[in-house]
Amino acid sequence: MGTRAGFFEVEILDWKTKEQLCFLDKVEPNATIREIRLMFHKLYPRWYPARQSIKLDPKGKSLRDEEILQHLPVGTTATLYFKDLGPQIGWTTVFLIEYTGPLFIYFLFYFRMPFVYELDERFTSSPHPVVNLACICHSFHYIKRLIETVFVHRFSHGTMPLRNIVKNCLYYWGFAAWLAYYINHPLYTPPSYGKKQINFAVIMFLLCEAGNFSIHVALSDLQRNGSKTRKIPYPTKNPFTWLFFFVSCPNYTYEVGTWISFTIMTQCVPVGLFTLLCFIQMTVWAKDKHCTYLREFKDYPSLRMPIIPFLL
């Protein structure tokens with residue numbers, strides 16, 4: 001679509017009532033949706049940009065910040081629809097809250113605080129070395145996640161609805177308590193195949209954690225200099241990234257592998273159930289991201305599957 005001369009007029013309506021909220025005149029044709037959000041925010045300070053969903057159609061998708069007014073299918077008088085997304089919280093804060101909880105909750109059970117098990121078991125320790133190893137691995141996993149949140153991750157969407165934090169914390173914190181209760185229980189029995197099973201699981205755990213970290217670094221490198229443009233991720237010289245040859249979301253593949261190894265290490269049913277739920281959720285995310293890649297890139301590698309090479 002060619003460049004249009006002159007200014008645009010932008011009418012913003014409430015997506016539900018269709019009531020006019022504001023009328024912006026003399027808007028530059030090359031104005032982005034982000035700039036329109038900022039103009040709207042000046043008129044309605046309580047609706048800061050992260051709370052705003054701006055759409056072309058009341059039931060359509062939200063327009064992206066970087067989309068340009070003159071490239072949208074609108075006339076020189078554009079009608080846009082506003083939806084309030086509610087109070088928002090930054091993704092960095094979300095992850096710090098979600099991941100700090102399991103780290104400390106696990107310790108309550110590991111150190112057998114007085115209110116956790118029977119009184120005569122308080123502050124005692126398990127005679128099984130695998131229980132200490134499980135605590136180290138669990139702590140390492142969440143400390144790694146916290147480090148990645150602060151130093152590695154770059155978020156394409158800056159915020160999420162504040163109400164979701166309760167649901168997310170219940171999931172992560174609740175499962176951490178459930179796993180820790182059984183793994184650190186005085187009646188816990190170690191894996192059936194002893195050291196061989198544990199050693200195999202530890203090696204698998206460390207490889208998957210290294211793989212997951214490598215993928216996160218590779219994905220972060222795609223968004224250097226603050227770029228939000230989606231790009232196809234490709235394998236690098238790092239062997240852990242070679243999984244990109246076969247799947248769209250190897251970070252999820254490695255994450256599931258981490259929890260499978262933790263299940264083998266502890267031979268604990270609640271860990272296995274948590275791993276299954278992780279796999280189901282990450283498969284949904286991976287399929288969604290895979291479809292987005294296919295939709296946006298005509299030359300997307302045809303060999304790739306969402307999460308499991310050649311299968312799924």
Side-chain angles (χ1 to χ4, degrees), residues 32-35 37-38 41 48-54 61-68 85 87-103 140-162 164-165 168-169 172 208-245 247-258 278 281-282 284-297 300-301 304 306-307:
T32 62
I33 293 299
R34 172 170 173 74
E35 289 167 340
R37 287 185 209 273
L38 291 170
H41 176 48
Y48 47 89
R51 276 188 80 148
Q52 300 172 27
S53 171
I54 303 293
K61 285 189 173 182
S62 294
L63 294 169
R64 298 191 306 274
D65 273 355
E66 61 271 19
E67 293 193 67
I68 297 169
L85 297 174
Q88 301 289 301
I89 183 170
W91 275 109
T92 299
T93 307
V94 169
F95 283 159
L96 291 176
I97 294 170
E98 285 178 2
Y99 300 155
T100 303
L103 192 60
F140 175 83
H141 178 73
Y142 282 102
I143 289 170
K144 169 187 156 290
R145 282 190 169 190
L146 289 168
I147 290 170
E148 287 175 338
T149 298
V150 176
F151 299 107
V152 178
H153 290 319
R154 292 187 173 95
F155 303 105
S156 54
H157 299 289
T159 63
M160 82 165 196
L162 183 61
N164 287 0
I165 192 70
N168 289 19
C169 285
Y172 283 106
C208 287
E209 289 284 23
N212 182 263
F213 179 77
S214 298
I215 300 300
H216 285 155
V217 170
L219 292 172
S220 179
D221 286 344
L222 288 179
Q223 294 180 305
R224 274 187 181 158
N225 305 320
S227 171
K228 289 190 177 182
T229 307
R230 197 189 300 274
K231 300 171 187 171
I232 301 175
Y234 286 105
T236 66
K237 292 177 182 178
N238 181 344
F240 286 110
T241 67
W242 295 352
L243 202 50
F244 271 126
F245 283 120
V247 295
S248 294
C249 302
N251 49 324
Y252 296 152
T253 310
Y254 283 124
E255 179 75 12
V256 172
T258 295
C278 280
Q281 179 61 76
M282 288 182 190
V284 171
W285 289 338
K287 282 186 172 182
D288 185 52
K289 192 170 282 190
H290 183 72
C291 288
T292 302
Y293 282 136
L294 290 174
R295 187 172 60 250
E296 292 188 4
F297 302 105
Y300 192 70
R304 291 188 190 179
I307 190 168

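For clarity, every value in this text was computed on a predicted model and none was experimentally measured. Residue indices begin at 1 and follow the sequence shown.
- Of the inter-residue distances, the one linking L146 atom CG with H141 atom NE2 reads 10.0 Å to the nearest 0.5 angstrom.
- Between the side chains of Y254 and S214, no donor N or O sits under 3.5 Å from an acceptor N or O.
- For T241 (side chain) and T236 (main-chain N/O), a donor-acceptor pair under 3.5 Å exists by modelled atom type.
- In this structure, T253 contributes its side chain and I307 its backbone to a donor-acceptor pair below 3.5 Å.
- The two residues E98 and Y172 come nearest to each other via the heavy atoms OE1-CE1, 3.4 Å.
- Neither side chain, H41 nor R37, offers a donor N or O lying under 3.5 Å from an acceptor on the other.
- Across all their heavy atoms, D65 and T32 have their closest contact at O-CB, 3.4 Å.
- The aromatic rings of Y300 and Y293 lie parallel to each other, their planes meeting at an angle below 30°, with 60° marking the opposite boundary.
- When all heavy atoms of Y48 and Q88 are compared, the closest pair comes out as OH-N, 3.0 Å.
- Of all heavy-atom pairs spanning V247 and P306, the tightest one is CB-O, 3.8 Å.
- One distance of note links CD of E255 with CZ of R145; it measures 4.0 Å at 0.5 Å rounding.
- For P301, the side chain to side chain contact (heavy atoms under 4.5 Å, CB included) partners are I232, Y234, R304, not counting sequence neighbours.
- Between atom CE of residue M160 and atom CG of residue N168 there is a gap of 4.5 Å, rounded to the nearest 0.5 Å.
- Between T93 and I89, the closest heavy-atom pair is CG2-CD1, 3.8 Å.
- K144 contributes atom NZ, which lies 3.5 Å from atom CG of N212 (distance to the nearest 0.5 angstrom).
- The aromatic rings of W91 and F95 lie tilted to each other, with the angle between the two planes from 30° to 60°.
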(request) Run the numbers on V150 and L96 for side-chain contact (heavy atoms from CB on, under 4.5 Å), then give the verdict. (result) CA-CA 8 Å; V150 176; L96 291 176; 4.0 Å; yes
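- Minimum interatomic distance between R154 and S220 (heavy atoms only, all atoms of both residues): NH1-OG, 2.5 Å.
- Taking OH from Y99 and CD1 from I147, the interatomic distance works out to 13.5 Å, rounded to the nearest 0.5 Å.
- Distance CZ/F244 to CG/N238: 10.5 Å, rounded to 0.5 Å.
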